[in-house]
Asks: 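Quick one: this structure, given as structure tokens, is what I'll be asking you about.
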Amino acid sequence: MTSIIGIPACTKLIANHHQHATPARYGEALIRAADAVPVLIPPEGERMLAVLDRLDGLLFNGSPSNVMPDRYGVTQDETPDAHDPDRDATTLAMIEAAIARGMPVFGICRGLQEINVALGGTLHQQVHNIAGRADHRGGVGTRAEQYAVRHEVHLTGTLAEICGARTIMVNSLHGQAIDRLAPGLVVEATAPDGTIEAVRVVAARNFALAVQWHPEWDVLGAPDRQRLFAAFGAACAAYRNRTAQAA
Ligand SMILES: N[C@@H](CCC(=O)NCCCC(=O)O)C(=O)O
């Protein structure tokens, strides 16, 4: 059997219609490198927790939208035009529920930020405005140029073991980043400017990792990306087998 992994969709206005969408490459990376198939989860809030019984894992993907600052107790909003409260209402509830049931979770970019907020952390709203920090927003040019690797990150712990490396080169397409780390998370990668680039949920019974970069882009193009998706896929398969046996 193939694992089925949920990907929360974003709210978009496309062709003047309200749509639920996400870039295709997240699901494609699951097919190519995690031996799994994706299903998109409409951002319809807590009622979507009902789908967890039918899933083997969750991929919290990236998005140009930012988590609403009031979700982490901040009233000042530095990016008021870039929010998706429907997605917040869905993913923040889903992260807590998935981790509580031992379901594998993997966060990418906004997904990392959501995991930090869901577990009680806060975000820098514009990292590039902080003295001493680099500009982590995507470069200009073609899509391939924007998603090309741009800086190194130093890996530790479970992530270093999975990737089989202590230093890797990553792409970078984010304006926000973790400020206060949530209780229960441990940092497993940092950029040269100190920006937190990956976290792991310490008490999780299963794969619960998140990265600030985009390993789904050209997933088969580097061993670290491939190994990350393969490890997530293996965790989802093991979870599926365990839940099938328990049923
Ligand atoms: N908006 C947040 C998160 C950045 C992010 O997820 N970027 C991905 C862009 C779209 C994609 O490639 O899926 C921030 O700016 O930090």
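For ligands, and for the atoms within them, numbers begin at 1 and follow the listed sequence.
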Asks: Would you be so kind as to tabulate the donor-acceptor pairs closer than 3.5 Å made by side chains of residues 107-115, with sequence neighbours excluded?
Replies:
unit_1 : atom_1 : unit_2 : atom_2 : d
Arg110 : NE     : Ser65  : O      : 3.0
Arg110 : NE     : Ser65  : OG     : 3.0
Arg110 : NH1    : Asp88  : OD1    : 3.0
Arg110 : NH1    : Glu114 : OE2    : 2.5
Arg110 : NH2    : Ser65  : OG     : 3.2
Arg110 : NH2    : Asn66  : O      : 3.1
Arg110 : NH2    : Asp88  : OD1    : 3.0
Gln113 : NE2    : Gln176 : O      : 3.1
Gln113 : NE2    : Gln212 : OE1    : 3.3
Glu114 : OE1    : Arg87  : NH2    : 3.1
Glu114 : OE2    : Arg87  : NE     : 2.7
Glu114 : OE2    : Arg87  : NH2    : 3.2
Glu114 : OE2    : Thr91  : OG1    : 3.1

Asks: For Thr190, check side chain to side chain donor-acceptor pair (under 3.5 Å) against everything at least two apart and list the hits.
Replies: none
Asks: Applying ring pair (Phe, Tyr, Trp, His ring centres under 6.0 Å), name anything that partners Phe232, two or more places apart in sequence or on another chain.
Replies: Phe106, Phe207
Asks: Would you check if the side chain of Arg242 reaches a backbone N or O of Ala237 as a donor-acceptor pair within less than 3.5 Å?
Replies: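 Judged by distance alone, no pair lies under 3.5 Å.
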Asks: If you define the side chain from C-beta out and look only at heavy atoms, does anything of Ile196 sit under 4.5 Å from Val187?
Replies: yes
Asks: Return the protein residues near ligand 1 (heavy atom under 4.0 Å from any of its atoms), ordered by chain and residue number.
Replies: Pro23, Arg25, Tyr26, Gly62, Ser63, Pro64, Ser65, Asn66, Cys109, Arg110, Gln113, Tyr147, Leu173, His174, Gly175, Gln176, His214
Asks: With a 4.0 Å cut-off, would you call Asp218 and Arg32 a salt bridge?
Replies: no
